[in-house]
Structures are given as structure tokens and as C-alpha cells.
Amino acid sequence: VKRPIGVSILVVLLGITVLLCIFICVNILS
Amino acid sequence: TLSWVIFLTSGIVFILAGLILAAAIGMWIGATWGWWLGTTGYAFSVVLNVAGMMIVTVMNPQAEALSSSYIKNGTRAFIAGLIVLYLFQDNVLAYFRLQNWSKGKLFGVLAGITLGLYAAHFLIVQIVFAALVV
């Protein structure tokens, strides 16, 4: 089954969220 | 000192980042556990934000707090709800090889996991606040 376009969009958004979380982590600890 | 709160917060955000990364990978490769992880996350967001609105309504029913919470939490709950709805579409369920499950059963299991998570979240928040007050 081909990957639905909405799932691809969600994966991109989740990836951006991961980067934001790591950015917040680094900021809290520094 | 509040240093342990800072470590706890960053630790939680770090674990959250790991879970979100896992959900992204699982959904990209079309794994069934990826659907569960991602959908549980969005369903949990719906429950958290609806609970947030209810808590503000009971604990701090001032016009300013109410309107700010209803706009902020209401928008988040609405968007997360739409995403959960999307993840229940037939083509999405087929992609995650969940087409043999009835939607009622999927929703029931999802609701059980999500409400269980909320109960655990509620308890942890109570414990952390109690520790902070003492």
C-alpha cells in the first residue's frame, strides 16, 4: 500500500517537533 | 534549589523527543506500532487540552483566563482531534495494516490507553506539585 500524503506531512511535522524539543532541552540546561 | 526541577523538565522533554522521533520513524515505514504511537500521542493531546479547559473553568473562571484557555486549548484539541480522525481513514489504516480491525475496537483500545495515560499523568503531576510545595 502506498504511503498516504497526510502521513508524510505528519512525519515532517513530527520531525520538526523533535528538533524543537532538542532545542528546548539544550536551552533549559544551558 | 530548583535544579532538580530543571533536570526533570529537560529529562521529560528529552524522552518526549525520543518518543516523537520513534513515532515519526514508525509512521514513515508504515509499522503498526507507529500508528499506535502517533495516534495515542494525538488522542492524548485531545484529552489533555479538553481537561485543561475543564480545569480552568472550575479553578479559575475569570473571563480573561477562560477566553485564553478556550482559544489556546480549544484550537489544540480541535486540530489533534482532526488528525486522529484522519488516522482512522480507510487508506491510512490499510497503510498501517490495521484494516482487519473494526474501527470501534480500535477506538475502544485507543480510548483505554489514552485515559490510562491521563490517569498516570494526573498522579505524576500531583506528586511533583506536592514535592514542590513541601
Side-chain angles (χ1 to χ4, degrees), chain A, chain B residues 1-46 76 79-101:
Chain A
V1 185
K2 203 175 165 287
R3 184 183 304 111
I5 183 75
V7 173
S8 307
I9 295 169
L10 281 182
V11 168
V12 172
L13 290 177
L14 290 173
I16 294 169
T17 315
V18 171
L19 293 178
L20 268 176
C21 281
I22 292 169
F23 180 76
I24 290 168
C25 250
V26 170
N27 266 279
I28 290 173
L29 289 176
S30 64
Chain B
T1 96
L2 283 174
S3 66
W4 71 270
V5 179
I6 293 169
F7 271 105
L8 187 73
T9 311
S10 64
I12 291 170
V13 175
F14 194 72
I15 292 167
L16 227 50
L19 282 171
I20 297 168
L21 182 64
I25 293 170
M27 291 178 88
W28 183 254
I29 64 176
T32 304
W33 57 263
W35 186 90
W36 283 109
L37 200 53
T39 313
T40 305
Y42 287 113
F44 190 49
S45 172
V46 174
R76 286 178 188 164
I79 292 172
L82 283 182
I83 293 174
V84 172
L85 219 58
Y86 170 73
L87 289 166
F88 270 83
Q89 298 294 305
D90 288 324
N91 62 333
V92 177
L93 291 179
Y95 173 65
F96 288 104
R97 276 161 286 146
L98 280 163
Q99 68 276 59
N100 296 329
W101 285 57

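Each chain gets a letter, A, B and so on, in the order the sequences are listed, and its residues count up from 1.
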Open item on the list: Suppose a student defines contact as a heavy atom less than 4.5 Å from any heavy atom of chain A. Which residues in residues 17-29 of chain B would they list?
Closed with: B:Ala17, B:Ile20, B:Leu21, B:Ala23, B:Ala24, B:Met27, B:Trp28
Open item on the list: Could you report the tightest heavy-atom contact between A:Val7 and B:Tyr86, atom names first, then the distance?
Closed with: N-OH, 3.4 Å
Task: Heavy-atom pair with the smallest gap, counting every atom of A:Leu14 and B:Tyr42 - done: CD2-OH, 3.6 Å
Open item on the list: Counting only non-hydrogen atoms closer than 4.5 Å, does B:Ile83 touch chain A with its backbone (N, CA, C, O), its side chain (CB onward), both, or neither?
Closed with: side chain
Pairs of donor and acceptor atoms involving the side chains of residues 15-30 of chain A, under 3.5 Å and at least two apart or interchain, shall be tabulated with distances.
unit_1: A:Thr17; atom_1: OG1; unit_2: A:Leu13; atom_2: O; d: 2.7
unit_1: A:Asn27; atom_1: ND2; unit_2: A:Phe23; atom_2: O; d: 3.0
unit_1: A:Ser30; atom_1: OG; unit_2: A:Val26; atom_2: O; d: 3.1
unit_1: A:Ser30; atom_1: OG; unit_2: A:Asn27; atom_2: O; d: 3.4

